[in-house]
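Take a look at the structure below.
These values consider heavy atoms only, across backbone and side chains, with no hydrogens, waters or symmetry-generated copies. Counting convention: from 1, in listed order, for ligands and their atoms alike.
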Amino acid sequence: MSTKPLWIRHASQLVTLAGSSREPLTGKRMEQLSIIEDGSVWLEDGLIRHVGTDQEVATACRERMQDADIIDASGKVVTPGLVDPHTHLVFAGSREDEFDLRLKGATYMEIMNRGGGIHATTSATRQASHETLYRESKKRLDQFLLHGVTTVEAKSGYGLSLENELKQLEVAAELNKSHPIDIVSTFMGAHAVPQDYKEDPDRFVDYVIDVMIPEVAQRKLAEFNDVFCERGVFTPEQSRRILEAGRKHGLLPKIHADEIEPYEGAELAAEIGAVSADHLLRASDKGIAMMAESGVIAVLLPGTAFFLMAESANGRKMIDAGVPVALSTDCNPGSSPTVSLPLIMNLGCLKMGMTPAEVLVATTINAAHAIRRGHEVGSIEVNKKADITIFDVPNYMQLQYRYGVNHTDTVIKAGVKVVEGGRLV
Ligand code: NIG
Ligand code: FE
């Protein structure tokens, strides 16, 4: 299918992140944005075809200039479409009642142990029809798009039975086809031990390994396998078994690690060679060093720490230790009910000591690598997908400096304008 070329011209800053497609950026390289001033990008057939100064692209495309639709990006910042590498997108219901309880002193784990928390959303999600789940999740996806996000990872984990996990994953697969945002699916059957297995958690671990993982893999409904490794949920030993079993079926390991308590989750991620370890609020220095050594990406979720009123992960320390860092919303109804990746970037600066350049790397190319899409999205380079976000600020630092505002003006997904003037097209 060939559509009209789209030509973005005169960006005050075109943030390309050139040269980062093969590996996530680490250390000092996390500040190398490769900015082109008066920048220009030519998009055609869903791909990026030319990148350079406006003069350079105009020269290269001299003969075809009249064929293109033009977007004037003067005074604006153009970046790769943002990537959110950790969401619990597909769920039903909401938990503002628990928010109220937490504000009165209850903790996240207390609420979960009383049968609320993940269990509450599991009940709501089990009861919801495919159509309801689709509708609710689509609303969130639209909001992601309005915040400049063009790719998200989405985890299951509110079904906790084969039938209901499949339902969540099928909704994600359908949305991936129908919605402009690309969805990368993760199976997270080991998100909590369901109430009916409470007395024998190992029996549930066996069920995840023997029944759920083979079926999900066989139906090709997920690429990754994730587990909530936390005291009172799944032990490091159970987590290791689940992640190794997933790998035998081609599902790559990810892990919710060291969120509430130090539990050697970072160490486990490094030992098994997980693609990413996520949360890491309480990760040990040893675990951080091991992650740097084995190249595990830290997916940090400062919105979750903010919303749980906990101290954020130490992003600064991890970058300085050489760990590749990505950022994400963790969008879910319990610990982070937000779709605003731009706000997460603000928190990355203000709560984790990351710089405006680092948080941009962490939500584009490093986020893409955290879901194995670094070759396809996350930077503005020839032959990558034409996923582009245009922010109505004159330089990238203002994205963080003028915090708490959605500066997204235009979003282009696979070469097609899907948000214009801050509204869905
Ligand atoms: O990433 N920590 C575990 N899972 C989610 C929260 C899920 C929920 O509370 O519904 C998280 O924070
Ligand atoms: Fe999560």
Looking only at distances, please establish whether an N/O atom of ligand 1 is found under 3.5 Å from an N/O atom of Thr121. no
Provide the number and element of each atom of ligand 1 under 4.0 Å from a heavy atom of Tyr108. 6 (C), 7 (C), 8 (C), 9 (O)
More than 12 heavy atoms of other groups within 6.0 Å of Phe306 CZ: no
Can you say whether the rings of Tyr197 and Tyr207 are parallel (under 30°), tilted (30 to 60°) or perpendicular (over 60°)? parallel
Is there a side-chain contact between Ile213 and Val208 (heavy atoms, below 4.5 Å)? yes
Select one of side chain, backbone, both or neither to describe which atoms of Glu259 lie under 4.0 Å from any atom of ligand 1, heavy atoms only. side chain
Given side chain to side chain donor-acceptor pair (under 3.5 Å), test Lys413 with Thr150 step by step and report yes or no. CA-CA 6 Å; Lys413 178 65 201 179; Thr150 50; 4.7 Å; no
How about Glu311: does its CD atom have over 12 heavy atoms from other parts shown lying under 6.0 Å from it? no
Regarding His279, does it place an N, O or S atom less than 2.8 Å from the Fe ion (ligand 2)? no
Among the heavy atoms of Met112, does any lie under 4.0 Å from an atom of ligand 1? no
Could you tell me the residue and atom name of the protein heavy atom closest to atom 12 (O) of ligand 1, and the distance to it rounded to 0.1 Å? Ser335 OG, 2.6 Å
Please report the interatomic distance CD(Glu215) to NE2(His249), rounded to the nearest 0.5 Å. 11.0 Å
In terms of the angle between their ring planes, are His88 and Tyr158 parallel, tilted or perpendicular, with boundaries placed at 30° and 60°? tilted
Here the atoms of ligand 1 under 4.0 Å from any heavy atom belonging to Arg95 are 8 (C), 9 (O), 10 (O)
Taking the side chain as C-beta and beyond, is there a heavy-atom pair between Thr122 and His191 under 4.5 Å? no
Pull out every atom of ligand 1 sitting under 4.0 Å from any heavy atom of Asp330, numbered as shown with elements. 1 (O), 11 (C), 12 (O)
Cation-pi geometry met for Arg102 and Phe307 (6.0 Å, 45°): yes
Find all atoms of ligand 1 within a distance of less than 4.0 Å from any non-hydrogen atom belonging to His86, and give their numbers and elements. 1 (O)
Counting both backbone and side chain atoms, is some N or O of Thr304 under 3.5 Å from an N or O of ligand 1? no
Could you pull out the atom name of the N/O/S atom in His86 that is nearest the Fe ion (ligand 2)? NE2
Students should be able to answer this: which protein heavy-atom is nearest to atom 4 (N) of ligand 1, and at what distance? His191 NE2, 2.8 Å
So which bit of Tyr158 gets within less than 4.0 Å of ligand 1, heavy atoms only: side chain, backbone, both or neither? side chain
Cationic tip of Arg241 within the cone over Phe234's six-membered ring, i.e. under 6.0 Å and within 45° of the normal? no
Atoms in ligand 1 with a heavy atom of Ile118 nearer than 4.0 Å: 7 (C), 8 (C), 9 (O), 10 (O)
Could you see which bit of Glu230 sits under 4.0 Å from ligand 1, with heavy atoms only: side chain, backbone, both or neither? neither
Need the atom name: nearest N/O/S atom of Asp330 to the Fe ion (ligand 2). OD1
